[in-house]
Participant: 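Quick one: the structure is below, questions incoming.
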Amino acid sequence: GAVVSQHPSRVICKSGTSVKIECRSLDFQATTMFWYRQFPKQSLMLMATSNEGSKATYEQGVEKDKFLINHASLTLSTLTVTSAHPEDSSFYICSARDHRTADTFGSGTRLTVV
Amino acid sequence: AQSVAQPEDQVNVAEGNPLTVKCTYSVSGNPYLFWYVQYPNRGLQFLLKYITGDNLVKGSYGFEAEFNKSQTSFHLKKPSALVSDSALYFCAVSPSPPGSARQLTFGSGTQLTVLP
């Protein structure tokens with residue numbers, strides 16, 4: 001079946017630094033990738049939609065300069081949290097979509113900013 | 001705009017008993033419906049989807065869901081619950097079929113606890 005690898009699974013960083021999260025589709029080409037943020041015991045909040053070779057489409061209220069998304073190939077998208085602050089601490093999840101089936105999700109990244 | 005409602009934040013069921021996790025939706029046009037399960041500190045795992053065809057959809061781990069157009073519902077069911085089924089369950093809807101760029105809209109999630 002389709003597999004999406006997301007790294008790192010956990011990261012702790014100091015306030016003011018930047019963190020990059022990678023999302024890779026291992027056995028299929030993803031036409032579109034999505035980035036979500038999830039707060040404890042809450043649903044997924046879509047942050048942005050990423051298509052290979054084009055700029056990401058951000059949801060209302062999501063700062064594009066804060067959350068940089070790069071989708072350089074059909075198998076890789078990255079989310080960089082720039083100048084991280086404690087309020088950016090959250091669980092970030094990516095998903096990848098191809099033409100065949102439902103979205104496949106990564107295992108998530110627990111970001112803690114201290 | 002589409003929306004999904006999961007009216008129960010928490011569902012408790014005894015092991016071996018049938019379980020139901022409720023989901024209702026609102027979407028323009030034909031709905032494409034999904035169920036996902038999430039274990040602690042993990043991403044979402046796909047359980048099943050309804051695109052077209054039979055209203056009763058069978059998925060992974062013995063789960064099934066029934067699409068009811070008149071009631072705009074897509075309840076998740078399992079005949080006999082296992083303790084290992086305890087997790088957070090999300091229903092999702094899209095107005096477009098898989099492969100399109102349209103986003104999924106998720107429900108708020110239902111925490112299922114299966115008691116031994």
Side-chain angles (χ1 to χ4, degrees), chain A residues 1-11 21 23-24 28-52 54 56-60 62 71 90-112, chain B residues 1-11 21 23 25 31-52 57 59-61 63 65 74 76 87-94 96-113:
Chain A
V3 177
V4 171
S5 173
Q6 184 174 344
H7 291 282
S9 58
R10 292 178 180 270
V11 58
I21 303 170
C23 181
R24 292 180 184 270
F28 67 100
Q29 292 184 329
T31 53
T32 305
M33 288 186 172
F34 301 87
W35 287 96
Y36 297 87
R37 184 172 180 176
Q38 186 180 30
F39 293 100
K41 299 188 178 181
Q42 292 191 27
S43 189
L44 280 71
M45 181 191 78
L46 180 66
M47 298 174 66
T49 302
S50 172
N51 292 295
E52 183 264 341
S54 61
T57 302
Y58 290 81
E59 295 300 301
Q60 190 173 6
V62 178
H71 195 159
S90 193
F91 193 58
Y92 293 87
I93 307 175
C94 71
S95 72
R97 178 177 294 181
D98 68 2
H99 65 282
R100 297 169 296 172
T101 185
D103 292 358
T104 303
F105 285 79
S107 55
T109 298
R110 172 72 60 192
L111 170 63
T112 303
Chain B
Q2 62 263 28
S3 65
V4 177
Q6 292 181 243
E8 301 157 317
D9 291 336
Q10 175 84 38
V11 169
V21 182
C23 170
Y25 66 90
Y32 299 87
L33 297 156
F34 306 83
W35 275 102
Y36 287 87
V37 59
Q38 184 180 33
Y39 294 96
N41 294 310
R42 302 289 294 176
L44 276 64
Q45 294 180 30
F46 170 74
L47 281 179
L48 51 80
K49 66 179 184 286
Y50 172 81
I51 304 300
T52 186
V57 179
S60 306
Y61 313 119
F63 283 94
F74 190 57
L76 182 70
L88 187 58
Y89 290 80
F90 289 101
C91 181
V93 67
S94 172
S96 302
S100 72
R102 299 292 290 276
Q103 61 181 263
L104 285 176
T105 298
F106 286 88
S108 54
T110 298
Q111 180 65 48
L112 171 68
T113 301

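Letters A, B, ... are given to chains in the order of the sequence lines, protein chains preceding strands, and every chain is numbered from 1. Please read these numbers as outputs of a predicted model, since none were measured by experiment.
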Participant: Just checking B/Y61: does its OH atom have more than 12 heavy atoms from other residues, nucleotides or ligands closer to it than 6.0 angstrom?
Facilitator: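 Atom OH in B/Y61 is not packed in, count stays at 12 or less.
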Participant: Indicate every side-chain donor-acceptor pair of residues 104-113 of chain B with a distance under 3.5 Å to a residue at least two apart or in another chain.
Facilitator:
residue: B/T105; atom: OG1; partner: B/Q2; partner atom: NE2; Å: 3.3
residue: B/T110; atom: OG1; partner: B/Q6; partner atom: NE2; Å: 3.1
residue: B/T110; atom: OG1; partner: B/E8; partner atom: O; Å: 2.7
residue: B/Q111; atom: NE2; partner: B/A87; partner atom: O; Å: 3.2
residue: B/T113; atom: OG1; partner: B/Q10; partner atom: NE2; Å: 2.9

Participant: What is the distance from atom CG of A/L44 to atom CD of B/Q38, rounded to the nearest 0.5 Å?
Facilitator: 6.5 Å
Participant: By a 4.5 Å heavy-atom criterion (distance strictly below it), what part of A/Q6 contacts chain B: side chain, backbone, both, or neither?
Facilitator: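 Neither part, no heavy atoms under 4.5 Å.
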Participant: Just jot down the ring-ring contact (aromatic ring centres under 6.0 Å, His included) partners of B/Y36, sequence neighbours excluded, or say none.
Facilitator: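 Applying ring-ring contact (aromatic ring centres under 6.0 Å, His included) to B/Y36 gives A/F105, B/F46.
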Participant: Please round to the nearest 0.5 Å and tell me the distance separating atom CD of B/Q103 and atom CG of A/D103.
Facilitator: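 Here the rounded value is 11.0 Å.
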Participant: With chain B as the partner, which of A/Q42, A/R110, A/Q38 has the greatest number of non-hydrogen pairs under 4.5 Å?
Facilitator: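 Option with the top pair count is A/Q38.
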